[in-house]
Engineer: 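Take a look at this one; I'll ask things after.
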2 protein chains.
Amino acid sequence: MDFLSGLELMIDSYQGKEQIFGVNLNPAIVRLSCEEGCVKVIEMARRLGVTADTVRFYTRIKILKPGKNKANGYREYSEKDYNRLRFVLSARQLGFSVEDIQEILNHADKKKSPCPTVRRLIDQRLHETERQLRETLKLRDRMQQAVLEWSQKPDKAPTGHMLCHLIEEFTAEERL
Amino acid sequence: MDFLSGLELMIDSYQGKEQIFGVNLNPAIVRLSCEEGCVKVIEMARRLGVTADTVRFYTRIKILKPGKNKANGYREYSEKDYNRLRFVLSARQLGFSVEDIQEILNHADKKKSPCPTVRRLIDQRLHETERQLRETLKLRDRMQQAVLEWSQKPDKAPTGHMLCHLIEEFTAEERL
DNA sequence: CTTGACCTGTGTCTTGGACACAGGTGTAAG
DNA sequence: CTTACACCTGTGTCCAAGACACAGGTCAAG
């Protein structure tokens, strides 16, 4: 299909992909704001529920490579960019770092299966998340214990060798 | 007591504070490396089990204000600096940020009780830590679930609209 | 005198965006 | 036509708590 012919046609086929390329697609906006089935940064962000800054961020680090409108320099995000960003956001929800995602996309872009990489990386990140969870849990318990103990203690002014008796006595007790 | 007289006396009184001003205090090292009961950065770090970079960091942001040896410009950490850093490390273990600690120290330095501030701040930080804990827990569960489901799925090459079926199908299922 | 271990301050790096800013564009109203 | 305003661009900086690098100074031992 010729992407430069028939705007009406374009919009029809575009509407057909409504579920893939964004939500609440308003033909009036599409007709007004873009040609060739592309959208600008703020619309792209809205469709995926993120800020324009997030879209610009992934563009800046070249995970997204939208074209540029020759006339005004505006970025033009295509359906491919939409799918790519949706993928990135999904991967972030699973604990992958942006660097991980770049590695995964490198495979996919070479038509190679990213799955072995994905499995390896999630094992790694899962371990880290579990360690993080244990640490946060220990911290929370320590904090709760402190609040509990402190509720029985008075305020005190600092002395020469004691800056805050609450903190220092708690630490001494708990052997931290 | 005159701090400039009698090094022998200094070291005696210093040894008497062994439990306060550091562990494994070796009089020979003290005698060789410092006058006036002060130590250099690496020794300070060793006594509190942190790196010299950490000691320099707190010096840089002016939480520690050690003197300077006029002759060579070396920093001289006193017992007061030791107590202060020990306090900072204790507070960090309780989830206070460095900025929190500066606020706490500001009160203490004016001889005012830091306790009300400490109580207010830990309530705040405890809430944040609990939120963090819930989020990390949810992430961990999501990741475990993904690993479980993926163990039943094959690797696949990317297609036009599917970069990695593992990640995208999981997200679609879980309605993320 | 050299070697090597220590010291100094300063600048940069880490994450995943968020925010600021200067300057360009597009459109609706007055 | 002008003006106002909303949008766009790329770039630089900020966040937290240090870690690491670097150029240059100090000091004791061999």
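Naming convention: chains lettered A, B, ... in sequence-line order (proteins, then strands); numbering from 1 in each chain.
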Engineer: Report yes if a side-chain nitrogen or oxygen of B/T54 is closer than 4.0 Å to either non-bridging phosphate oxygen (OP1 or OP2) of D/dA19; otherwise report no.
Structural biologist: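 So the side-chain polar atoms of B/T54 do come within 4.0 Å of the phosphate oxygens OP1 or OP2 of D/dA19, strictly under.
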Engineer: Distance check needed: D/dA16 P versus B/R92 CZ, whole Å only.
Structural biologist: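 Those two atoms, CZ and P, are 11 Å apart.
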Engineer: By nearest atom, which of the nucleotides D/dT9, D/dA17, C/dG9 is closest to the B/K68 side chain?
Structural biologist: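 Among the listed nucleotides, the one closest to the side chain of B/K68 is C/dG9.
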Engineer: Expressed as a whole number of angstroms, how long is the span from A/K40:NZ to D/dG10:P?
Structural biologist: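 From A/K40 NZ to D/dG10 P: 14 Å.
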Engineer: Considering only C/dG9, C/dG17, D/dC8, which nucleotide approaches the side chain of A/R56 most closely?
Structural biologist: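 Of the candidates, D/dC8 comes closest.
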Engineer: Toward the 5' end of DNA chain C, which comes first, A/D53 or A/Y74, by nearest nucleotide?
Structural biologist: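 Comparing both residues, the 5'-ward one is A/D53.
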Engineer: Taking the nucleotide of DNA chain D with the nearest heavy atom to each, does B/Y58 or A/R75 sit closer to the 5' end?
Structural biologist: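 The residue mapped nearer the 5' terminus is A/R75.
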Engineer: Using side-chain heavy atoms (C-beta onward) and a distance below 4.5 Å, is A/L137 in contact with A/L133?
Structural biologist: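 They are not in side-chain contact.
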Engineer: Tell me which nucleotide among D/dG18, C/dT25, D/dT26 gets nearest to the side chain of B/N72.
Structural biologist: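 Comparing D/dG18, C/dT25, D/dT26 against the side chain of B/N72, the answer is D/dT26.
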Engineer: Side chain of A/I42, heavy atoms from C-beta onward: which of D/dC7, D/dA19, C/dG17 has the nearest atom to it?
Structural biologist: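 Given the options D/dC7, D/dA19, C/dG17, the side chain of A/I42 is closest to D/dC7.
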Engineer: May I have the distance from B/K70 (atom NZ) to D/dT26 (atom P), rounded to whole angstrom?
Structural biologist: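 In whole Å, D/dT26 P lies 16 Å from B/K70 NZ.
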Engineer: Does a distance-only test, which skips hydrogens and angles, find a donor-acceptor pair under 3.5 Å between the side chain of A/R60 and the base of D/dG12?
Structural biologist: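 Yes.
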Engineer: Does A/E43 come within less than 4.0 Å of A/K40, counting only side-chain N to carboxylate O?
Structural biologist: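 Between A/K40 and A/E43 there is no salt bridge, as every charged N stays at least 4.0 Å from the carboxylate O atoms.
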Engineer: Of all the nucleotides listed (C/dT8, C/dG16, D/dA19), which has the minimum atom distance to the side chain of B/V41?
Structural biologist: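 Closest of the options to the side chain of B/V41: C/dT8.
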Engineer: Give the rounded distance in Å between these two atoms: CD1 of B/I61 and C1' of D/dA17.
Structural biologist: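 Spelled out: CD1 on B/I61 to C1' on D/dA17 is 8 Å.
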Engineer: In this structure, how many angstroms lie between the C1' atom of C/dG16 and the CG atom of A/L48, rounded?
Structural biologist: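 Taking atom C1' of C/dG16 as the reference, CG of A/L48 is at 17 Å.
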Engineer: When the distance from CD of B/E76 to P of C/dC6 is rounded to whole Å, what number comes out?
Structural biologist: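 So the two atoms are 18 Å apart, to the nearest Å.
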Engineer: Just compare C/dG17, C/dG26, D/dA16 and give me whichever is closest to any side-chain atom of A/F57.
Structural biologist: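 It is C/dG17.
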Engineer: Between B/E135 and B/K138, is the closest basic N to carboxylate O distance under 4.0 Å?
Structural biologist: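 B/E135 and B/K138: not salt-bridged.
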Engineer: Rounding to an integer number of Å, can you tell me how far B/L139 CG sits from C/dT15 C1'?
Structural biologist: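 Between C1' of C/dT15 and CG of B/L139: 15 Å.
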Engineer: State, without any angle test, whether B/Q132 and B/E128 hold a side-chain donor-acceptor pair at a distance under 3.5 Å.
Structural biologist: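 Their side chains do not contain a donor-acceptor pair, so the 3.5 Å distance test is not met.
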Engineer: Distance-only, no hydrogens or angles: does the B/R119 side chain make a donor-acceptor pair with backbone N or O of A/W150 under 3.5 Å?
Structural biologist: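 Yes; at least one donor-acceptor contact below 3.5 Å.
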Engineer: Check this one for me: any side-chain N or O of A/T51 less than 4.0 Å away from OP1 or OP2 of C/dA18?
Structural biologist: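 It does, given that an N or O in the side chain of A/T51 lies less than 4.0 Å from OP1 or OP2 of C/dA18.
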Engineer: Nearest-Å distance, CG (A/N69) to P (C/dG24)?
Structural biologist: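 After rounding, the reported distance stands at 17 Å.
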